Amino acid sequence: MMHMLNLEATLFCGQTFAWKKNGPLYQAVIQDRFIQFNEADFSELVVNDAFLFHYFDMDWEYTKAESTLCMRDEHLKTCIERYRSLHILNQDPWEVLVGFLLSQNNNIKRIRQLYERLSVQYGRSSEAGFFSLPRPEALESVDETALRSLGLGFRAPYLLDAIQQHRILWALPALPYEQALSALMQIKGVGPKVAACILLFGYHRMEAFPMDTWMQKVMQDRYPGKDSSYFAPYAGLAQQYLFHAERNQGGHV
DNA sequence: GGCCAGGCCCCAG
DNA sequence: CTGGGGCATGGC
């Protein structure tokens, strides 16, 4: 019996900006592959497709992690029970880097828009009007004016620097967490929060604990004096539950 | 029509 | 190293 997955929470908790819900259909282009399915077909889809099995992280220890975190405190337990089986996707690091460069001082609706505009403008046409996010190689000759005209604003030079320095991503799997963080922060526009997102969503580093405005409020209100080590060794998963719950209902039951 | 958005850069102390 | 202003753009 395979561990089930909470599709709504997993795809729309803000870890990815690629997915759309079109009636009963979940749709996205992931690394040049157009993916589309009904919720009812999900289980069969992932067991027969190694790429998607990995992407949806079907073989990680969610049962153990959830039960461990549920014992930490009541609030976290409530969040987990509300959104149970939220998975941390195994995303392509470049796609995560771009998404979260666009995310700063921005709202989720507009992050998705910018992500899609980049795909339509520079990515490859796939199916059903969907486009893949362009690889860094496809963006080498893009200039700041072009990116600003898409609406990136002050983030345009950040993306330009990321395009130039994208090879930093290759070295990260071998690095200890703190070194991986500082390597990422050499990219302009990548600070502690964005770097943590890249390590969590692009490299499945469970130590990562992205601290944005929502999480600062959660930590201040619910966990004064504590830090991410309180949730070890599953800080990243705890962060997603706390963040998602806080954004959806202000954290209240 | 202001306020604000999954932050970060940059510069002052 | 800590703190706060400024930042492009548009959703609400």
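The shown structure was predicted, so the numbers you read here are calculated from the model rather than taken from an experiment. Sequence lines set the chain letters: A, B, ... in the order given, protein chains first and strands last, and positions in each chain run from 1.
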Is there a side-chain contact between A/F37 and A/Q27 in this structure, where contact means two heavy atoms from C-beta onward sitting under 4.5 Å apart?
no

Please check the phosphate of B/dG7 (OP1 and OP2 only) for any side-chain N or O of A/T213 closer than 4.0 Å.
yes

Rounded to whole Å, the CG-C1' distance (A/L147 to C/dA8) equals 13 Å

Is the shortest side-chain N to carboxylate O distance from A/R148 to A/E144 below 4.0 Å?
yes

Do the side chains of A/S228 and A/M211 get nearer than 4.5 Å, heavy atoms only?
no

Measure OH/A/Y158 against P/C/dA8 and give the value in whole Å, please.
8 Å

What is the nucleic acid contact for A/I108, judged by heavy atoms within less than 4.0 Å: base, sugar-phosphate only, or nothing?
sugar-phosphate

Hey, quick one: are A/L150 and A/V120 part of the same hydrophobic cluster, counting side-chain heavy atoms closer than 4.5 Å, chains of contacts allowed?
no

Per nearest nucleotide of DNA chain B, the residue lying toward the 5' end, A/K188 or A/F201, is A/F201

Compute whether any side-chain donor of one residue and acceptor of the other, for A/Y241 and A/E66, lie under 3.5 angstrom apart.
yes

Side chains of A/Q179 and A/L172 in contact at under 4.5 Å (non-hydrogen atoms)
no

Sugar-phosphate only, base, or nothing, as touched by A/Q216 at under 4.0 Å among non-hydrogen atoms
nothing

Candidates B/dG7, B/dG6, C/dA8 - which lies nearest the side chain of A/R155:
C/dA8

For A/Q239 and for A/M185, find the nucleotide of DNA chain B with the closest heavy atom, then tell me which residue's nucleotide is more 5'.
A/Q239

Have a look at A/F243 and say if it touches a base, only the backbone sugar-phosphate, or nothing, with a 4.0 Å heavy-atom cut-off.
base

As a test of reading the structure: which of B/dC9, B/dC8, C/dC7 is closest to the side chain of A/Q104, going by heavy atoms?
B/dC8

Start with the C-alpha gap between A/H87 and A/W60, add the side-chain angles, then the distance that decides, and say whether ring-ring contact (aromatic ring centres under 6.0 Å, His included) holds.
CA-CA 9 Å; A/H87 280 207; A/W60 194 68; 8.3 Å; no

In whole angstrom, what separates A/F154's CZ from C/dG10's C1'?
12 Å

Gap in Å between the two P atoms, one belonging to C/dC7 and one to B/dG1, rounded
22 Å

Is the base of B/dG6 stacked against the aromatic ring of A/W214, taking ring centres under 5.5 Å apart and planes under 30° as the test?
no

Anything below 3.5 Å on both distances counts as a pair; with that, list the stems of at least three consecutive Watson-Crick or G-U pairs involving DNA chain B.
B:2-5 with C:9-12, B:7-13 with C:1-7

Measure from CG on A/L102 to C1' on C/dC7 and round the result to the nearest Å.
15 Å

Taking only Lys NZ, Arg NE, NH1 and NH2, and the carboxylate oxygens of Asp or Glu, determine whether A/D73 and A/K226 approach each other closer than 4.0 Å.
no

Value in whole Å for how far the P atom of C/dA8 lies from CG of A/N107:
17 Å

Name the nucleic acid region contacted by A/G191, choosing base, sugar-phosphate or nothing; use a 4.0 angstrom heavy-atom cut-off, strictly under.
sugar-phosphate

P spacing across the pair C/dA8 / B/dC11, given as an integer number of angstrom
14 Å

Need one value for A/K109: base, sugar-phosphate or nothing, where a base atom within 4.0 Å counts as base even if backbone is also close, heavy atoms only.
sugar-phosphate

CG of A/D212 versus P of B/dC4: gap in Å, rounded?
17 Å

Give the nucleotide from the list C/dG10, C/dC7, B/dG6 with an atom nearest to the side chain of A/N105.
C/dC7

